[in-house]
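See structure below.
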Amino acid sequence: MTERTESARRIVIENAYLAPVVGEEIENGYLIAENGRITALGAGTAPRTEGAERLDATGCLVTPGLVNTHHHLYQWATQGLYQDSTLFEWLTGLYRTWSRLDAEITYGAATAGLAWLATSGATTSSDHHYIFPKGRGDLFDAEVRAAAEVGLRFHPCRGSMDRGQSDGGLPPDEVVEKTDEILSATAETIDRYHDPAFDSMLRVAVAPCSPFSVTETLMRESAVLARDKGVRLHTHLAETLDEEQHCLEQVGCTPVEYMEKLGWLGDDVWFAHAVHLHDKDIRRFADTGSGSAHCPSSNARLGAGIARVSDLLAAGAPVGLGVDGAASSELTSMAGEMRQAMLFQRAVHGPQALTARQALRIATLGGARNLGRHKEIGSLEPGKLADIAVWRVDGFRAALADPVCALVFGPTPPLARLLVGGRTVVENDELRTVSPDAAARAGAAARRRLLAEEDR
């Protein structure tokens, strides 16, 4: 399929169906990338490019790499538990198990989770890690190392909880941190890891966990810290009706009203889930540019409901996709979430509620917008980073005349190639950066170690 030159810093993808997300699709065209950036794309035959690797993409669809905007990588180690629970039941059942996390467990779970994302077309992933048990190693660094080894662009969020049960919160007191310690540790994390460069492989966001596990002080101070440091804000919001009731009882307003009161609406903020929004909430999201990460499989698994994605898009609010943690979204693929998002909206609002191309857009450019990286990734345009997915839509899928339909409507197609900054991460549906078998074993070992800790 390829003329391979390992030392080449140029790649030419030719004979492909290009779906750039912005602009017109190209039925038979080429894309050229050099030094990690896209330099050209067009119809017909690619110009001769000396010293380039040439990838014959006959029978393939080329899209931007998918952007995962909400995850909890550590949860790979607790899949399949509390299978029939609501969100609050599921959380209260798992908090104490998660309190036994250490750096080794986190590294193994993150390696498996990120490897799984790569094989489903993701080139960028966020992560929301909010449990930091004392004396159990550097958990944040563990997932940063895993992302570097797998080769994905990474946007981890330094999460936190400072409101335990004794203060009216949901988590047990032993899994929360002190507010001042959180703010200090978060600032140190940003200074150590955040890279604002255009081609950055690692950026950091500030992410108190949720309205039911965080104090008002931490929410306000986190917003001040993030804006002082020039990084983004993230939290869970409006995931269940239980959360709305909790907010009404505790703070006297709805979750979105609470966020606005705290200064948490803006184009530097994206919220996970946002399932239970009122009409006025959607208008405020659109007016302020506040984003949301739609996690359809997790929301269905926990019986939380279906987010109003089509209404958000119609209003002009930013929407991206997320697979959420594997403990509430077992083995969910990033590409598969496009299909879930599309089908759920159609089940509620009819067959025109979300098209295949809209689903692809929220999985790419919508996700990039959530992470503040829409100028760098999320579409195939000259000057943008060469984060590219090449999907095989031949064979049985050739019966579908529309390659984008083949990607979104059906099961996830094989990946002929996945490039991150022009570097191959997946080829012929296999990881090339780390051993897939080793990554799977690391995830299984993380589970065994965590549950063995629980039994002690």
Side-chain angles (χ1 to χ4, degrees), residues 2 4-14 16 18-22 30-41 46 49 51-55 57 60 62-69 110-111 114-127 143-156 193-204 320 334-335 363-365 367-391 415-428 430-434 439:
T2 62
R4 197 78 183 267
T5 306
E6 292 297 339
S7 60
R9 300 202 66 186
R10 301 184 184 95
I11 183 168
V12 179
I13 301 170
E14 48 195 351
L18 301 174
V21 175
V22 297
Y30 64 87
L31 181 148
I32 302 173
E34 183 173 358
N35 295 326
R37 299 196 190 190
I38 298 168
T39 57
L41 68 161
T49 305
E53 176 191 349
R54 304 187 75 86
L55 170 60
C60 293
V62 177
T63 72
L66 307 184
V67 180
N68 175 38
T69 63
T111 299
L114 290 163
W116 184 257
L117 280 173
T119 58
S120 68
T123 50
T124 297
S125 183
S126 65
D127 187 59
E143 62 174 13
V144 167
R145 287 190 290 112
E149 290 169 11
V150 174
L152 296 194
R153 218 172 287 282
F154 198 36
H155 206 129
Y193 293 106
H194 181 72
D195 177 7
F198 184 91
D199 60 352
S200 171
M201 292 294 290
L202 181 62
R203 291 190 183 171
V204 176
M334 187 60 199
T364 52
L365 195 57
R369 172 65 186 80
N370 272 353
L371 301 183
R373 304 205 67 171
H374 49 292
K375 294 180 180 179
E376 304 144 29
I377 60 174
S379 59
L380 303 179
E381 300 177 75
K384 283 199 167 184
L385 298 171
D387 291 7
I388 300 165
V390 183
W391 310 90
L415 275 171
R417 191 73 68 91
L418 187 75
L419 301 172
V420 178
R423 180 191 182 204
T424 297
V425 174
V426 176
E427 184 176 13
N428 296 328
E430 285 196 12
L431 277 168
R432 298 302 189 208
T433 50
V434 299

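A quick note: this is a predicted structure, and the numbers were derived from the prediction, not measured. FYI, the numbering just counts along the sequence from 1.
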So, for [X] and [Y], which heavy atoms are closest and what is the spacing to 0.1 Å?
{"X": "Gly121", "Y": "Trp391", "value": "CA-CH2, 3.6 Å"}
{"X": "Ala57", "Y": "Val390", "value": "CB-CG1, 4.3 Å"}
{"X": "Thr111", "Y": "Ala146", "value": "OG1-CB, 3.4 Å"}
{"X": "Leu380", "Y": "Ala19", "value": "CD1-O, 4.1 Å"}
{"X": "Ala46", "Y": "Val12", "value": "CB-CG1, 3.6 Å"}
{"X": "Val144", "Y": "Pro156", "value": "CG2-CG, 4.4 Å"}

Determine yes or no for a side-chain-to-main-chain donor-acceptor pair under 3.5 angstrom, with [X] supplying the side chain and [Y] the backbone.
{"X": "Arg37", "Y": "Pro382", "value": "no"}
{"X": "Ser120", "Y": "Met334", "value": "yes"}
{"X": "His194", "Y": "Val204", "value": "yes"}

Enter the distance from [X]:[atom1] to [Y]:[atom2] here, rounded to the nearest 0.5 Å.
{"X": "Cys60", "Y": "Leu55", "atom1": "SG", "atom2": "CG", "result": "7.0 Å"}
{"X": "Leu418", "Y": "Glu430", "atom1": "CG", "atom2": "CD", "result": "14.0 Å"}
{"X": "Leu371", "Y": "Ile377", "atom1": "CG", "atom2": "CD1", "result": "6.5 Å"}
{"X": "Leu41", "Y": "Tyr30", "atom1": "CG", "atom2": "OH", "result": "7.5 Å"}
{"X": "Glu143", "Y": "Ser125", "atom1": "CD", "atom2": "OG", "result": "9.0 Å"}
{"X": "Lys375", "Y": "Glu381", "atom1": "NZ", "atom2": "CD", "result": "12.5 Å"}

4.5 Å side-chain heavy-atom contact, [X] and [Y]:
{"X": "Ile32", "Y": "Arg10", "value": "no"}
{"X": "Leu66", "Y": "Thr364", "value": "yes"}
{"X": "Glu376", "Y": "Ser200", "value": "no"}
{"X": "Ile38", "Y": "Ile388", "value": "yes"}
{"X": "Leu431", "Y": "Val425", "value": "yes"}
{"X": "Arg373", "Y": "Leu385", "value": "yes"}
{"X": "Arg417", "Y": "Ile11", "value": "yes"}
{"X": "Pro64", "Y": "Asp387", "value": "no"}

Would Val420 and Met201 count as a side chain to side chain contact (heavy atoms under 4.5 Å, CB included) here? Give the steps.
CA-CA 9 Å; Val420 178; Met201 292 294 290; 3.9 Å; yes
Under the side chain to side chain contact (heavy atoms under 4.5 Å, CB included) criterion, do Phe154 and Thr124 qualify, and how do the steps go?
CA-CA 6 Å; Phe154 198 36; Thr124 297; over 6 Å; no
Distance alone, cut at 3.5 Å: any donor-acceptor contact between the side chains of Arg153 and Thr123?
no
